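Read the structure below first, then the notes.
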Amino acid sequence: MAFFAAYDRHKDELPQGVAEQSRIDALNWIKSNGIPTKRVESYHYSDLRRKFSKAQNYQMSDTQISFAEIKSRPSIAAFDHVNYVPIVFMDGKLRLDLSDISKIEEKISLHSLGAMVTADRLPECLAYDFKSAKRDNAVDNLTRVMWRDGIILRIKQSIASDLPIHLIFVSTGKTDAAHFSRHSLLLAANSSATLIESHINLTNDVSFNLHHFTSMLSENSELTHFTLNSENKNAVNICRTHGIYSDGVKLNSISLAVGGAWSRREGDLICNGSGMDLKLSGAVLASAEQHVDNSYVVHHKLPENTSFQRFKNVVDDKAHAIFQGKVIVSIDAQKTDGQQMAQTILLSDDAEISCKPELEIYADDVECAHGATVGALDEDMLFYLRARGIPLKTAQRLLIHAFISEITDPLFDNLKQAADSLITKWLSQHLDN
Amino acid sequence: MLEIKNLQASVEDKMILNGLNLTINPGEVHAIMGPNGAGKSTLANVLAGQDAYQVKGGQISFHSEDLLELSIEERAAKGMFLSFQYPIEIPGVATMTFLKESMNAQRKIRGEDELSTPNFMKLVKEKAQFLNITPEMLRRPLNVGFSGGEKKRNEILQMLLLEPSLCVLDETDSGLDIDALRVVADGVNSLRSPKRSMLIITHYQRLLDYIEPDFVHILVDGKIIKSGDKTLALELERDGYKNIIAAA
Ligand SMILES: Nc1ncnc2c1ncn2[C@@H]1O[C@H](COP(=O)(O)OP(=O)(O)O)[C@@H](O)[C@H]1O
Ligand SMILES: [Mg+2]
């Protein structure tokens, strides 16, 4: 397999040290399990092996570029009115030279995983991540084999919500370049922060990115996390989150997909405490032959947690949107409230949605529900708007925007405006008068 | 202005309008009365272009054009306005955004410049005040959480802003208390002009005390069975539909 050959070719350039054994363990996992095809249930709609067969070049590059150039990209310029703290991760490497955390320096710590492992200075809590043996997930293992770098971001004290940290993931477009990264996000107890995560390309070339995030939210921490995929029409992007959450955590995760060729956001979110409120939501605007997959498993292990997965899809042309949501309620997790909702508007006959909400419940006193709707735009609403002279395309735009904005509404003003402008832009490109 | 000849229309393969004739000249106010299910809303919807209703025969000319050839939005831009019997709630679309989009869309189709935001705001504020529509209502999504009466007043607000040439009011009086009825009637009357016509659909004679029609038509089973002046409405109120139908 090209992947094993690539590993042999590149292993000497990769940070080893504490990571060495975990790379070997992970490689062995891949050797015995293979990269999942659609026969593996959780990848049924997203055949990872087929995507991997196209990734050939695992060459890393260090492109010279200025932050101004990144900032001027339309999808990053959309955030111009958001007073963000930029952290740039480009072509598989943390770029401190393009990042500027001076505004919140005393409240966070930021490190490169590669540099820490090379210097053998990895904090104990992360070193543990390399020791624990059983990893039953392909993206986890693939990134453990091949990672070159990752962001280690630690929020030590609360950061005002109007000062979000902006993780900007940039691919510069060496043809077929493939990048594997492992990131860690840690929120200290009682801290709160807002995170923006953007994925963009600088060219129209093919890019292939696998990101693994370990997200540890300590007691009573609060995270608002807005993710934007605005990659080019040749980009493959797979992001996995392994979330470990403690008592009283509040998570509000909101993703917006307006770009990319083939993308999948997946995760296992583990409630290791009580009194949590987890909101996991996303808006997908897909056209042409785009493939956009959101697949999450929420593990309610302890009592009295609330989780709400909510995804809205607008699918045009021959695009395919996927939502797989699973709620697992362990026997001890009484008083769990786990909800899932997927709503989709199909704009063309060839557009496709695959929806698979699942519940696996072992406790008896729980409230869990899931729902899914698929439809076209409401004819009566369209008629009402047109009867006031609003042209059909504009009426469609207004209704789609209204449908999607329910997802982005909870964001704070300036960030919501940024999200709105990205949605408006997509709509005007896809439904012009 | 409007000339309907032998109009036949169906909904879900059920014939509703069975050869309806009606001519409305500029400046005239016509009232259509009729029992439930007679086809009044069907007529209103066919005029506005709702395609759930199929036109099976007949002609409609509007400002000397073939109305049935025009799209819904073209009809609106040419001055057709339907005040809905049941205005739709549209969550997520702000009332102000909607008002601005519709005013500017119509202006654009007519080749006029867009309204500036301050001019638009001023206009809306003035007309809303006239109809007792509060700024708080205008901040809500379109018709969401509005009472029946508030929805009807919101329809009239749109009518005052869009200044159509033909106002079709479908049971605008239903759901209105007597004070709101007066406010709405004042609004409608303020639009009366020699160039503008109205088609007032109602169940009860009550509204016609406030908006005096030039002609009254009685619609039964998809046909106008009797026409007259405003005294016909009083006659109907006195004798009931049954007697009028029996006499016709
Ligand atoms: N969308 C519809 N689907 C099926 N039947 C309808 C629909 N709209 C109206 N009708 C039927 O058409 C007839 C006329 O309705 P309508 O024009 O609304 O009457 P009116 O407004 O005079 O009370 C009624 O019998 C009604 O049930
Ligand atoms: Mg009716």
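Note that the structure is a prediction, hence the values are computed from the model and not measured. So you know, we letter chains A, B, ... as the sequences are listed, proteins then strands, and number each from 1.
A salt bridge does not link B:Glu73 to A:Arg388: none of the charged side-chain nitrogens sits closer than 4.0 Å to a carboxylate oxygen.
Taking the six-membered ring where the residue is Trp, B:His30 and B:His217 present parallel rings, their angle staying beneath 30° rather than reaching 60°.
Highest contact tally toward chain A, considering only B:Ser102, B:Gly92, B:Ala52, is held by B:Ser102 [criterion: heavy-atom pairs under 4.5 Å]. Top candidate by heavy-atom pairs under 4.5 Å with chain A, chosen from B:Ile90, B:Asn45, B:Val93, is B:Ile90. In terms of non-hydrogen atom pairs under 4.5 Å with chain A, the most contact-rich of B:Gln106, B:Met80, B:Glu74, B:Gln50 is B:Gln50.
Under a cutoff of 6.0 Å and an axis angle of 45°, A:Lys326 and A:Tyr296 do not form a cation-pi pair.
Using a 4.5 Å cut-off between heavy atoms, B:Glu101 touches chain A through backbone and side chain atoms alike. Of the atoms belonging to B:Leu142, it is side-chain heavy atoms, and not backbone ones, that fall under 4.5 Å from chain A.
No more than 12 heavy-atom neighbours from other residues, nucleotides or ligands sit within 6.0 angstrom of CD on A:Glu289. Annotation: B:Met15, atom CE; neighbour count of heavy atoms from other residues, nucleotides and ligands within 6.0 Å is above 12.
Close approach to chain B, defined as a heavy atom under 4.5 Å from one of its heavy atoms, is seen in no residue of residues 252-260 of chain A.
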Using distance only, find each side-chain donor-acceptor pair of residues 81-89 of chain B under 3.5 Å and give its atom names and separation, not counting sequence neighbours.
{"from": "B:Ser83", "atom 1": "OG", "to": "B:Thr172", "atom 2": "OG1", "distance (Å)": "3.3"}
{"from": "B:Gln85", "atom 1": "OE1", "to": "B:Ser41", "atom 2": "OG", "distance (Å)": "2.7"}
{"from": "B:Glu89", "atom 1": "OE2", "to": "B:Lys151", "atom 2": "NZ", "distance (Å)": "3.0"}

Let me see the working for A:Gln339 and A:His370 under side-chain hydrogen bond (donor to acceptor under 3.5 Å, both in side chains), right down to the final yes or no.
-> CA-CA 6 Å; A:Gln339 310 288 329; A:His370 57 67; over 6 Å; no
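Between A:Ile322 and A:His291, the closest side-chain pair of non-hydrogen atoms falls below 4.5 Å.
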